[in-house]
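Bear in mind that the values here come from a model prediction, so they are computed numbers and not experimental data.
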Amino acid sequence: GLVGDFDEEQAIGMVARTFGALPPRETAFQPYAQNRARGFTADHTPRVIRHTGPADQALLRLTWKTRDDSDPAESLALSLLERLVRIRLTEGLREQLGKTYTPSATSNPSRVWPGYGVFGAAASIGVSEVGAARAAMQAAITRLRDAPVSADELQRARQPLIETIDNALKGNRGWLSLTARAQSEAERIARFAAMKDRLLALTAADVQAAAQRYLGAKDAVEVLVLPEAQSGP
């Protein structure tokens, strides 16, 4: 894909002399189904990793298996859930620990691996605060599963996503994200065009359902990163 200020005919000529001169490629993408299987660990026991950095720093991360990116509404629900987890974690950790930690939350439904995706929540904390941070993180997730968020909180989570969509095509990067695969993934253009309406249609109940479906209390894999000198969590 080409975007920006350029001479169209000149660009077509340059592509014809370079990429266009290559031998014909396969008419269709091969499925390679045997290479497209990826599983999530069945071992949910906590992991401890050691680091050689400052002796007072730790990191706690919870990871859940979710799904792939084939359902646009479900992917957006997970994106909203990501924002809400971040809001709840920030409030919970500050209330529980009295510190201005900035926790993170990420949703990564795969565009490559069928049925695969992960959702993570993490916080960099002091070594002495691991237990309190774990309790605050678990409480935040539990609240999202047990009750729908308020209209105000839902709007706080949704508005940055709306602004991202509104601003996406104000620069070349946004256009390239669509044109680069306009032939191989043409449906992505229609999906982008419908994204804002789909996002506005999602309700607090939809996000709660996503939390219940994917962020089960017993489904998370915990990874705790501690300094080498630390004897245990």
Phe19, CZ: over 12 other non-hydrogen atoms inside 6.0 angstrom | no

Rounded to the nearest 0.5 Å, how far apart are OG1 of Thr203 and CG of Leu154?
-> 7.5 Å

Transitive ILVMFWY side-chain link Phe119 to Tyr116, under 4.5 Å | no

Starting at CG of Leu176, measure out to CG of Leu2 and round the result to the nearest 0.5 Å.
-> 8.0 Å

Below 4.0 angstrom, N of the basic side chain to O of the carboxylate: do Arg213 and Asp206 qualify?
-> no

Which distance, rounded to the nearest 0.5 Å, do you find between the CZ of Arg198 and the CD1 of Ile165?
-> 11.0 Å

Pair listing, side-chain hydrogen bond (donor to acceptor under 3.5 Å, both in side chains) test, anchored in residues 55-64, at least two apart = Arg61-Thr63

For atom CD of Glu187, is the number of surrounding heavy atoms from other residues, nucleotides or ligands below 6.0 Å larger than 12?
-> yes

Is it true that a side-chain atom of Arg50 and a backbone atom of Val225 form a donor plus acceptor pair closer than 3.5 Å?
-> no

Considering all heavy atoms of both residues, which atom of Arg25 and which atom of Gln183 are nearest to each other, and what is their separation?
-> NH2-OE1, 3.9 Å

Heavy-atom side-chain proximity of Arg111 to Glu185 below 4.5 angstrom = yes

Do any N or O atoms from the side chain of Thr66 and from the backbone of Val118 form a donor-acceptor pair under 3.5 angstrom?
-> yes

Is it true that Val221 and Val48 fall in one hydrophobic cluster, defined by side-chain heavy atoms closer than 4.5 Å?
-> no

For Leu161 and Arg83, what are the C-alpha separation, side-chain angles and deciding distance, and is it a side-chain contact (heavy atoms from CB on, under 4.5 Å)?
-> CA-CA 9 Å; Leu161 296 174; Arg83 294 273 179 173; 3.7 Å; yes

Would Leu59 and Val130 show up in the same hydrophobic cluster when neighbours are defined by side-chain heavy atoms closer than 4.5 Å?
-> no

Under a 4.5 Å cut-off applied to non-hydrogen side-chain atoms, are Pro227 and Val127 in contact?
-> yes

Any chain of hydrophobic side-chain contacts (each under 4.5 Å) joining Ile87 to Ile162?
-> no

Search all heavy atoms of Ser104 against all heavy atoms of Leu89 and return the closest pair with its distance.
-> O-CD1, 4.0 Å

Answer whether the closest heavy-atom distance between the side chains of Tyr214 and Glu74 falls below 4.5 Å.
-> yes

Are the charged groups of Glu222 and Arg134 less than 4.0 angstrom apart, N to O?
-> yes

Apply side-chain hydrogen bond (donor to acceptor under 3.5 Å, both in side chains) to Glu91 and list each qualifying residue two or more places apart in sequence or on a separate chain.
-> Arg156

4.5 Å side-chain heavy-atom contact, Ile189 and Arg181 | no

Quick one: does Lys65's side chain have a donor or acceptor within less than 3.5 Å of a partner on Gly115's backbone?
-> yes

For the residue pair Leu78 and Asn108, establish whether any side-chain heavy-atom pair is separated by less than 4.5 Å.
-> no

Give the minimum heavy-atom separation between Met137 and Leu60, together with the two atoms involved.
-> SD-CD2, 3.6 Å

Kindly indicate whether the side chain of Asp68, heavy atoms from C-beta on, has any atom under 4.5 Å from the side chain of Pro109.
-> no

Please confirm whether the backbone N or O of Leu202 pairs with a side-chain atom of Arg158, one donor and one acceptor, at under 3.5 Å?
-> yes

Does Leu22 belong to the same Ile/Leu/Val/Met/Phe/Trp/Tyr cluster as Val15, with side-chain heavy atoms less than 4.5 Å apart forming each link?
-> yes

Just by distance, do the side chain of Gln208 and the backbone of Arg145 share a donor-acceptor pair under 3.5 Å?
-> yes

The reported gap from CG in Leu226 to CD1 in Ile49 (rounded to nearest 0.5 angstrom) is 10.0 Å

Looking at CG of Asp219 and CD1 of Ile141, how far apart are the two atoms once the value is rounded to the nearest 0.5 Å?
-> 12.0 Å

Walk me through it: do Val207 and Leu84 pass the test side-chain contact (heavy atoms from CB on, under 4.5 Å)?
-> CA-CA 9 Å; Val207 180; Leu84 287 164; 3.4 Å; yes

Judged by atom type as modelled, is there a donor-acceptor pair below 3.5 Å linking the side chain of Trp175 to the main-chain atoms of Leu169?
-> yes

So Ser150 and Asp152, side chain to side chain donor-acceptor pair (under 3.5 Å) or not? Walk me through it.
-> CA-CA 5 Å; Ser150 67; Asp152 176 67; 5.0 Å; no

Might you point out which heavy atoms bring Ala136 and Leu93 nearest each other, and give the distance in Å?
-> CB-CD2, 3.8 Å

Pro148 versus Ala205, closest heavy-atom pair with distance = CB-N, 4.5 Å

Does Arg88 reach the main-chain N or O of Arg86 with its side chain, forming a donor-acceptor pair under 3.5 Å?
-> no

Any donor and acceptor pair, going by atom type alone, linking the side chain of Glu82 with main-chain N or O of Thr106 inside 3.5 Å?
-> no

Just wondering, more than 12 heavy atoms not from Asp5 lying within 6.0 Å of its CG?
-> no

Is there a side chain to side chain donor-acceptor pair (under 3.5 Å) between Ser75 and Asp69 once you walk through the steps?
-> CA-CA 6 Å; Ser75 291; Asp69 190 44; 2.6 Å; yes

Would a 4.5 Å heavy-atom cut-off, applied to side chains only, mark Asp166 and Lys196 as touching?
-> yes

For Arg36, side-chain hydrogen bond (donor to acceptor under 3.5 Å, both in side chains) partners two or more places apart | none

